[in-house]
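Chain naming here is simple, since letters A, B, ... match the order of the sequence lines and numbering starts at 1 in each.
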Protein chains: 2
Amino acid sequence: MIKIILAEGHNVVRNGIRLLLDKEADIEVIAEANNAKEVLQLLSDGLKPDIIITAINLPHINGIELLTKVRSTYPEIKLAVLSMVEEEKYIIQAFKAGTTGYMLKSVNEFELVYGIRHMYLVNERYLCNELALRLLDKLLRMPENKFDVHIKDIEISKREVEILSLVSEGFTNQEIADKLFTSKRTIEGHRQDLIAKTGTRNTAALIRYAVLNSIIE
Amino acid sequence: MIKIILAEGHNVVRNGIRLLLDKEADIEVIAEANNAKEVLQLLSDGLKPDIIITAINLPHINGIELLTKVRSTYPEIKLAVLSMVEEEKYIIQAFKAGTTGYMLKSVNEFELVYGIRHMYLVNERYLCNELALRLLDKLLRMPENKFDVHIKDIEISKREVEILSLVSEGFTNQEIADKLFTSKRTIEGHRQDLIAKTGTRNTAALIRYAVLNSIIE
DNA sequence: TGTAAATTAGGTACTTATACTTATTGATTG
DNA sequence: CAATCAATAAGTATAAGTACCTAATTTACA
């Protein structure tokens with residue numbers, strides 16, 4: 001039996017999730033909590049869940065802080081974030097804080113249950129498929145795959161990359177010239193060459209090109 | 001009933017997968033194939049699978065090529081790659097070739113079946129959890145810049161994104177103003193605001209910021 | 001060792017962006 | 001209903017970048 005504490009500030013949402021979980025024979029919601037404090041109270045009262053499912057936007061103490069606290073005192077308890085779509089950005093923080101699972105509230109009941117079982121049985125972190133696909137799309141969009149994005153035979157020299165990088169950091173031609181102990185006109189010349197060879201119109205477009213093609217970061 | 005063709009060059013592996021799938025009431029393996037040619041033959045013979053599960057390292061014609069061929073002739077058939085660990089790198093090619101699912105052979109039977117159902121029922125691409133975690137770790141290992149910098153509560157309005165996008169394409173303030181039927185001074189104002197709120201020094205740095213933070217492409 | 005490419009540098013004219021300021025309008029929201 | 005904010009717009013002055021041009025070194029390499 002997988003014992004769960006459900007931490008979620010909104011009653012409706014919490015009840016909905018509970019209904020879903022109660023249908024499963026191998027899952028038991030042993031307690032619910034409205035906020036982080038209640039969770040910590042439950043734990044110090046001696047309750048021993050296998051998994052704590054928590055929202056991010058809990059009142060007072062948010063989900064990430066809760067993760068950190070629980071993690072340090074009860075390292076054997078697994079933590080799963082069930083996040084609103086808008087909170088996708090917390091994914092990095094959550095995993096750095098030691099969460100085992102991260103799902104968006106858009107998961108269907110099958111995935112919710114599957115994810116919980118995966119965390120408990122396979123003992124592996126779980127990321128919901130929608131988030132996985134977002135990461136995948138990021139990967140697909142990344143110009144790292146030099147096969148088909150960096151197609152054009154544009155050769156950019158080391159010096160040019162150096163200058164491009166400084167330009168992208170916001171330095172002016174004069175400042176770059178000073179840094180590289182050369183003339184402002186030289187930098188201007190390089191910038192011109194780069195704009196010409198990349199087929200861009202100005203620095204803004206050049207920088208976009210350079211970042212998208214991983215010439216610079 | 002989810003009808004499946006299983007393409008895999010190694011008999012032992014293929015038989016193993018088949019055994020797993022045959023246990024499921026809603027999944028039927030309607031045919032097996034040793035190589036890509038056999039798959040194409042089966043399809044031209046009129047077989048209509050919902051999903052083709054294929055390995056990458058098929059003899060003669062590899063899995064990616066098979067994906068492409070099937071995709072162009074039978075766009076309604078979903079494709080799933082079941083890949084050896086060593087072939088992880090094909091993930092990008094596979095998705096670009098239109099695969100719906102990608103799993104490593106390290107998936108357990110629950111995930112294999114779950115993934116198949118997910119593709120078929122939810123009609124969404126599926127990436128196995130191990131790969132999702134690898135992507136996640138990539139994200140976590142990345143220095144602050146690439147993904148999570150703009151999480152610093154910087155709100156960028158729709159209008160600003162629109163302008164940012166045009167700026168990054170190389171248009172001048174005047175040109176952008178003409179496109180948007182507004183004044184050059186307005187665009188200048190927006191550009192200033194953006195530079196201020198992103199903490200950058202000029203347009204070059206602003207565009208770099210915007211691209212790295214996926215505000216624009 | 002000769003040639004191509006990279007890096008350097010300058011002239012001149014012109015365009016564009018930036019830094020500071022202020023101010024009005026309309027929409028949203030507590 | 002007041003407050004906030006996004007979007008609008010402008011003045012003024014200066015800084016920076018762009019479009020042409022030419023041309024001298026140095027470096028890489030075949």
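For Ser157(A), taking side-chain heavy atoms from C-beta onward, the closest of the listed nucleotides dA7(D), dT8(C), dA6(C) is dA6(C). In this structure, the nucleotide among dA19(D), dT18(C), dA10(D) sitting nearest to the side chain of Thr203(B) is dT18(C). When each of dT18(C), dA7(D), dT8(C) is scored by its nearest atom to the side-chain atoms of His190(A), the top-ranked nucleotide is dT8(C). Listed nucleotides dG11(C), dT7(C), dT12(D) differ in distance to Arg185(A); the shortest reach to its side chain belongs to dG11(C).
Here Ser183(B) reaches the OP1 or OP2 of dA10(D): one of its side-chain N or O atoms lies under 4.0 Å away. Neither OP1 nor OP2 of dA10(D) sits under 4.0 Å from any side-chain N or O of Thr186(B). Note on Thr172(B): every side-chain N or O is 4.0 Å or more away from OP1 and OP2 of dT15(C).
A side-chain N or O of Arg14(A) and one of Asn11(A) form a donor-acceptor pair less than 3.5 Å apart. For the residue pair Asn129(B) / Glu111(B), no side-chain donor-acceptor distance below 3.5 Å is found, with atom types taken as modelled.
Ion pairing between Glu188(A) and Arg185(A) holds under the 4.0 Å rule for side-chain N and carboxylate O. Arg125(B) and Asp137(A) are joined by a salt bridge, as a carboxylate oxygen and a charged side-chain nitrogen come within less than 4.0 angstrom of each other.
A straight line from CD of Gln192(B) to C1' of dT12(D) spans 13 Å, rounded to a whole angstrom. Look at CD on Glu188(A): it is 17 Å from P on dC14(C), rounded to the nearest Å. One atom, CD1 of Ile207(A), and another, C1' of dT18(D), lie 15 Å apart when rounded to the nearest Å. To the nearest angstrom, P of dT16(C) lies 13 Å from CZ of Phe171(B). Leu180(A) has its CG atom 11 Å from the P atom of dT7(C), to the nearest Å. dT7(C) atom C1' lies 16 Å from atom CD1 of Ile156(A), rounded to whole Å. In this structure, the CD1 atom of Ile176(B) is 12 Å from the P atom of dT16(C), given to the nearest Å. With rounding to whole Å, Asn173(B) atom CG is found 14 Å from dA19(C) atom C1'.
For Ile187(B) and Ala204(A), each mapped to the nucleotide of DNA chain D holding its nearest heavy atom, the one lying further toward the 5' end belongs to Ile187(B). Map Arg159(B) and Arg191(A) each onto its nearest nucleotide of DNA chain D; the residue landing nearer the 5' end is Arg159(B).
Between Tyr114(B) and Tyr126(B), the ring planes lie perpendicular to each other; the angle is over 60°, past the 30° to 60° tilted range.
Within the nucleic acid shown, Asp193(B) has no heavy atom closer than 4.0 Å to any nucleic acid atom. Residue Gln174(A) is out of contact with every strand shown, counting any heavy-atom pair closer than 4.0 Å.
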